[in-house]
Amino acid sequence: MANDTVWNYVNDFLAGRITRKQFWVLAEFKYPTHQISFHTLSALNCLSFERSEIIYDRKRKK
């Protein structure tokens, strides 16, 4: 995951703060993350930029 949530669960398990069973309950994906990881330059070379769009824009206070 992009955030540290799973890593925190790993640390808690390794430190003995949670059991193996508790770890797997916490680490189970609750929703799809749709993350893709590219590990080689060859893989990155397969990508090309198509477009972008602003999903959320905070209004600036003046």
- Among all residues two or more places apart in sequence or in another chain, which pass the side-chain hydrogen bond (donor to acceptor under 3.5 Å, both in side chains) test with Asp12?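 side-chain hydrogen bond (donor to acceptor under 3.5 Å, both in side chains) list for Asp12, sorted by chain: Arg17.
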- Task: Using side-chain hydrogen bond (donor to acceptor under 3.5 Å, both in side chains) as the criterion, list what pairs up with Thr40, not counting sequence neighbours.
- Result: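 side-chain hydrogen bond (donor to acceptor under 3.5 Å, both in side chains) list for Thr40, sorted by chain: empty.
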- Message: Can you give me the closest heavy-atom contact between Tyr9 and Ile18, atom names plus distance?
- Response: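 So the minimum-distance heavy-atom pair works out to O-CD1, 3.7 Å.
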- Message: Working note: Phe13 + Thr19, criterion side chain to side chain contact (heavy atoms under 4.5 Å, CB included); need CA distance, chi angles, decisive distance, verdict.
- Response: CA-CA 6 Å; Phe13 171 71; Thr19 65; 6.0 Å; no
Do any side-chain atoms of residues 43-55 form donor-acceptor pairs under 3.5 angstrom with protein atoms, and if so which ones, sequence neighbours left out?
unit_1, atom_1, unit_2, atom_2, d
Asn45, ND2, Leu41, O, 3.2

- Same cluster for Val25 and Leu14 if Ile/Leu/Val/Met/Phe/Trp/Tyr side chains link at under 4.5 Å?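 Hydrophobic grouping puts Val25 apart from Leu14.
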